[in-house]
Every structure is written in structure tokens, then in C-alpha cells.
Novice: 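First the structure, which I've put down as C-alpha cells, then a few questions once you've had a look.
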Amino acid sequence: MKIDYHVHLEEGPYSFRWLDRTSQAINTFHLPHGLEKGSKEYITWQINALKNRLDKGCYSEEWLDYYLIQAKQLGLKEVGIVDHLYRFKETRAYFEKNMVLDETDLGEKQRYWLDSVMTETMNVFVDAILQAKEKWRSEGVDLKLGIEADYFVGCERELEELLHGYPWDYVIGSVHFVDGWGFDNPQTVHKFEGIDLKELYERFFTTVEKAIRSELFDFVAHLDNLKVFNFQVDDIDFRMNWYKRIAEALAETGTATEVNAGLYYRYPVKEMCPGPDFVKILVEHGVEFTVSSDSHYPDDLGKFTEMNADMLKDLGVQKLVGFDKRVKKYHSL
């Protein structure tokens with residue numbers, strides 16, 4: 001069965017680049033006949049369509065319908081929509097205490113980023129997905145409600161309290177920060193230059209392992225996303241040792257992971273996450289997988305999920321994992 005379990009509806013910062021990409025997505029699903037690109041009529045329609053999108057927001061039925069259309073076109077039977085925890089105003093204190101937000105260059109850039117992306121409220125997101133479930137089901141697609149929660153060492157109880165009381169189908173754990181630095185932010189990529197990569201990866205993988213062993217999460221996402229800008233450790237023994245440690249942690253706790261295509265089609269590293277050597281070790285340890293596009297626009301929904309499911313099948317994986325009200329269920333490959 002075709003599934004995609006890591007799908008986002010939006011993310012800032014809100015720039016002209018964001019407007020252009022959003023316009024591209026709208027055009028994929030809704031472009032009136034007879035309008036020629038480059039014409040005044042076309043740009044007028046485009047501006048009005050973007051204004052409508054901004055006014056109604058990313059949780060509107062109209063925006064969600066684009067994802068449903070794409071899911072049906074691809075033959076997906078389950079789609080899990082999530083949002084990043086840092087999108088919600090209720091979580092500001094959690095991120096402010098764990099990010100570098102001082103008057104340094106890094107701090108100022110990260111403050112700008114946090115203020116730009118933290119624009120929503122959790123109840124509005126949850127209500128939108130819950131309300132859409134029946135419509136999606138009537139169209140043959142099972143819609144799941146998820147959340148992608150950043151893990152910080154020592155903040156387990158606070159995170160648990162932030163997530164408590166919501167009807168999640170699953171909770172994704174992820175690591176996007178090392179020592180308060182959001183390493184996947186293109187504005188801060190210069191910090192990789194001159195840094196001891198082995199020490200950086202040591203801190204990153206240590207955090208990933210602790211996230212897994214916290215047992216707060218149904219699956220832990222993109223296990224090696226520190227490679228996002230293609231800064232990687234050449235020492236194969238170092239990498240393999242950590243791959244095995246992470247695999248053991250997942251297997252021992254019964255925590256699943258994913259093969260995530262986001263880095264492959266959206267970032268400089270151009271590699272699936274986890275990479276091929278990492279995936280083989282995970283399979284050898286009996287780790288359970290789902291597959292995901294990590295899309296942030298409706299026209300990216302489902303990207304490479306079928307290819308990655310086939311790859312797992314070729315490695316001997318017989319089933320993918322899904323979730324319903326935080327209970328695992330399985331889909332044969």
C-alpha cells in the first residue's frame with residue numbers, strides 16, 4: 001500500500017522565494033484555461049490567487065484539497081500531515097531556552113528565523129486536520145494527524161507536557177539543533193566551515209540516540225540530516241559505529257524510523273535520509289520503517305516514497321509501519 005507519513009503544509013520564512021514556490025504549487029492544481037504566462041491577465045490572476053492563499057492560510061480546506069488531489073493522483077492510501085513544533089506560538093519558551101538567540105550573528109539570524117516561522121497555534125492545526133479526515137476517507141485516503149517535535153536533551157518532561165492532550169495519530173522526533181544551532185538553516189551554513197566535523201557528528205548522534213531512548217516518539221525522523229549541506233565525516237569506521245548504535249537504540253526501544261526523501265530533492269547533499277549504508281544496518285537490526293516525502297508543498301507530496309519502499313523491499317523488509325492513535329499498524333510491501 002502506498003503511504004507518505006511526513007508531510008508539511010507550510011513553512012516560512014515568508015519571502016519572495018516563498019511566494020514564487022507557493023505560486024508554482026497553486027499553478028500545478030489550479031490554472032485557468034486561456035491565460036498565457038507573461039500576460040498581464042496571468043500575473044493579475046496569480047497575485048489574486050496568492051492573496052487568497054495568504055488570507056485563508058495553510059490550514060484552509062482549499063489548500064488541503066490540493067494535497068488530497070495529489071494523493072489520489074499518486075494512488076496513496078495513507079497520508080500523515082504534520083507540522084513542526086516550532087511553528088506554534090505555544091512552544092516559544094521551549095525553543096527560546098534551547099536556541100542561540102543572543103546578539104551574535106548566529107543569534108540574530110536565528111531570532112529572525114524563529115520569529116518568521118512561529119506564526120500558528122496548535123489548536124487551529126489540530127482542528128483543521130481532524131475536520132478534514134472524513135472528507136479524505138470518503139475519497140479513499142486515510143488522513144493521519146501527526147506532529148514533528150524537536151528533541152532537546154534534558155527537556156523531555158517539558159516536551160511531553162507540550163504534546164499532552166492532543167489526539168495525535170503519531171509523534172515524530174527530530175533533531176535540527178546542535179548546541180543551540182539550527183544546522184539546516186541556509187543562513188547559518190558558514191558555521192560548518194572550519195568546524196571539527198567528527199566532534200559535531202558525535203554531539204549530533206548522541207542527541208539522536210537520547211531522543212530514541214527517551215521513548216517519547218513513535219518514529220524518529222531523518223536520522224543523519226546533519227549531512228544536509230554535504231559536510232560529512234570521511235572516517236567510515238566512525239560512521240558505521242554510530243549507525244550501529246542508533247540501530248540498536250531503535251531496535252531495543254521498538255521505535256520506528258523512516259526513509260525520508262526531503263534531502264534528496266531539496267538540499268545540496270542530494271541523498272536519501274538515512275543514506276544507503278545506514279539503511280542497510282538498520283534493516284540488519286530489524287528496525288521498522290515508514291516512508292516519507294517530507295514535502296512542504298502539495299506538488300511534492302509522495303515524491304520518491306514508492307521508490308524508497310521498493311528499495312526497502314529489495315533489502316528484505318516485508319512491511320511498512322503506520323499509526324492510528326499512537327498504535328502501530330502494518331502494511332505489506
Side-chain angles (χ1 to χ4, degrees), residues 1-8 11 70 74 76 78-80 82 84 146 148 170 172-176 183-184 186 189 192 197 201 204-205 207-209 211-212 217-234 236 238-247 249-251 255-297 299-322 331 333:
M1 186 168 77
K2 296 180 181 180
I3 63 176
D4 187 348
Y5 254 85
H6 189 158
V7 176
H8 297 273
E11 185 171 359
Q70 180 78 349
L74 296 175
L76 295 173
E78 281 192 13
V79 172
V82 305
H84 287 288
E148 183 178 0
Y170 60 99
I172 302 175
S174 60
V175 176
H176 294 99
F183 55 78
D184 60 349
V189 67
F192 279 100
L197 286 178
Y201 271 87
F204 169 76
F205 280 129
T207 305
V208 172
E209 184 179 20
I212 295 164
F217 309 111
D218 299 296
F219 74 87
V220 175
H222 38 57
L223 297 172
D224 59 348
N225 62 321
L226 185 60
K227 67 187 181 184
V228 55
F229 296 112
N230 209 24
F231 291 89
Q232 302 194 58
V233 175
D234 292 331
I236 186 64
F238 172 86
R239 296 203 309 269
M240 297 300 268
N241 176 62
W242 270 111
Y243 295 169
K244 291 175 183 176
R245 281 185 59 170
I246 297 299
L250 290 166
T255 306
T257 190
E258 62 176 0
V259 180
N260 182 308
L263 295 192
Y264 181 69
Y265 69 92
R266 290 195 289 117
Y267 287 97
V269 68
K270 304 298 181 190
E271 184 177 85
M272 297 299 173
C273 196
D277 292 337
F278 202 165
V279 168
K280 289 176 183 176
I281 288 176
L282 294 167
V283 171
E284 289 170 3
H285 282 75
V287 172
E288 295 175 328
F289 288 88
T290 190
V291 289
S292 66
S293 63
D294 205 347
S295 61
H296 287 70
Y297 295 92
D299 47 327
D300 282 339
L301 174 66
K303 274 194 172 178
F304 304 105
T305 52
E306 187 173 5
M307 183 181 82
N308 284 328
D310 289 341
M311 177 269 294
L312 289 171
K313 186 176 181 179
D314 289 343
L315 290 173
V317 176
Q318 298 180 351
K319 56 191 178 181
L320 296 176
V321 66
H331 307 296
L333 280 171

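Any value given below was found using the heavy atoms of this structure, including those in side chains, with hydrogens, waters and symmetry copies removed.
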Novice: Heavy-atom count check: over 12 atoms from other residues, nucleotides or ligands less than 6.0 Å from Tyr297 OH?
Specialist: yes
Novice: With respect to Phe183, which candidate in Phe204, Phe229, Tyr267 satisfies the ring pair (Phe, Tyr, Trp, His ring centres under 6.0 Å) definition?
Specialist: Phe204
Novice: Keeping Tyr265 on the side-chain end and Ser293 on the backbone end, is there a donor-acceptor pair under 3.5 Å?
Specialist: yes
Novice: I'd like to know if the side chain of Thr305 reaches the main chain of Ser292, judged simply by a donor and an acceptor atom lying under 3.5 Å from each other, with no hydrogens or angles considered.
Specialist: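 No, because the side chain of Thr305 does not come within donor-acceptor range (under 3.5 Å) of the backbone of Ser292.
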Novice: Looking only at heavy atoms, which two atoms of Val82 and His8 are closest? And how far apart?
Specialist: CG2-CE1, 3.5 Å
Novice: Could you give the distance from CE (Met307) to CG (Asp310), rounded to the nearest 0.5 Å?
Specialist: 9.0 Å
Novice: Run the side chain to side chain contact (heavy atoms under 4.5 Å, CB included) test on Val279 and Met311 for me, step by step, so that the C-alpha distance in whole Å, both residues' side-chain angles and the decisive distance to 0.1 Å come before the verdict.
Specialist: CA-CA 10 Å; Val279 168; Met311 177 269 294; 4.0 Å; yes
Novice: Before giving the answer on side chain to side chain contact (heavy atoms under 4.5 Å, CB included), spell out for Leu74 and Lys2 the whole-Å C-alpha distance, their side-chain angles and the decisive distance to 0.1 Å.
Specialist: CA-CA 8 Å; Leu74 296 175; Lys2 296 180 181 180; 5.8 Å; no
Novice: So do the side chains of His285 and Leu250 get within less than 4.5 Å of each other, counting heavy atoms only?
Specialist: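 Sidechains of Leu250 and His285: no contact.
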Novice: Measuring only between side-chain heavy atoms, which start at C-beta, is Arg239 closer than 4.5 Å to Lys244?
Specialist: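 No. Closest side-chain heavy atoms not under 4.5 Å.
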Novice: Go through Arg245 and Met240 one step at a time and tell me if the side chain to side chain contact (heavy atoms under 4.5 Å, CB included) criterion holds.
Specialist: CA-CA 9 Å; Arg245 281 185 59 170; Met240 297 300 268; over 6 Å; no
Novice: With rounding to the nearest 0.5 angstrom, report the CG to CD1 distance, Asn241 to Ile281.
Specialist: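 Rounded to the nearest 0.5 Å, the CG-CD1 separation comes out at 9.5 Å.
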Novice: Could you measure the distance from the CG atom of Leu320 to the NE2 atom of His331? Nearest 0.5 Å is fine.
Specialist: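 Rounded to the nearest 0.5 Å, the CG-NE2 separation comes to 7.5 Å.
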Novice: Counting heavy atoms not belonging to Asp314, are there more than 12 under 6.0 Å from its CG?
Specialist: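 More than 12 heavy atoms, drawn from other residues, nucleotides or ligands, come within 6.0 Å of this atom.
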Novice: Just checking Glu306: does its CD atom have more than 12 heavy atoms from other residues, nucleotides or ligands closer to it than 6.0 angstrom?
Specialist: no
Novice: Using side-chain heavy atoms (C-beta onward) and a distance below 4.5 Å, is Thr257 in contact with Leu282?
Specialist: yes
Novice: Establish, yes or no, whether a centroid distance under 6.0 Å links the rings of Phe219 and Phe289.
Specialist: no
Novice: Would a 4.5 Å heavy-atom cut-off, applied to side chains only, mark Gln232 and Val269 as touching?
Specialist: yes
Novice: In Å, rounded to the nearest 0.5 Å, how long is the span from OG1 of Thr207 to NE2 of His176?
Specialist: 13.0 Å
Novice: When rounded to the nearest 0.5 angstrom, what distance separates CG in Asn260 from CG in Asn225?
Specialist: 8.0 Å
Novice: Would you check if Thr255 and Val287 make a side-chain contact, meaning some heavy-atom pair closer than 4.5 Å?
Specialist: no
Novice: Among Leu263, Val228, Leu226, which residue satisfies the side chain to side chain contact (heavy atoms under 4.5 Å, CB included) criterion with Asp184?
Specialist: Val228
Novice: Is any side-chain heavy atom of Lys280 closer than 4.5 Å to a side-chain heavy atom of Tyr243?
Specialist: no
Novice: Side chain of Arg266, backbone of Ser295: donor and acceptor closer than 3.5 Å?
Specialist: no
Novice: Check whether any side-chain heavy atom of Val189 sits under 4.5 Å from a side-chain heavy atom of Phe231, and report yes or no.
Specialist: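 Side chain of Val189 against side chain of Phe231, heavy atoms only: contact under 4.5 Å found.
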Novice: Report yes if the distance between the aromatic ring centroids of His296 and His6 is under 6.0 Å, otherwise no.
Specialist: no
Novice: Okay, side chain of Tyr170, backbone of Tyr5: is any donor-acceptor separation there less than 3.5 Å?
Specialist: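 Flag set: sc Tyr170 to bb Tyr5 pair under 3.5 Å.
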Novice: Ignoring hydrogens, what is the shortest heavy-atom contact between Ile3 and Val291? Give both atom names and the distance.
Specialist: O-CG2, 3.6 Å
Novice: Is Asp224 reaching over with its side chain to a backbone N or O of Gly275, donor-acceptor style, under 3.5 angstrom?
Specialist: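 Yes.
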Novice: How far does CZ of Phe278 sit from SG of Cys273, to the nearest 0.5 angstrom?
Specialist: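 Answer for the CZ-SG pair, Phe278 versus Cys273, is 8.5 Å.
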Novice: Just so I know, are the side chains of Glu258 and Met272 near enough to count as touching, which here means a heavy-atom distance under 4.5 Å?
Specialist: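 No; the side chains remain at least 4.5 Å from each other.
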Novice: Does a side-chain N-to-carboxylate-O contact under 4.0 Å join Lys303 and Asp300?
Specialist: yes
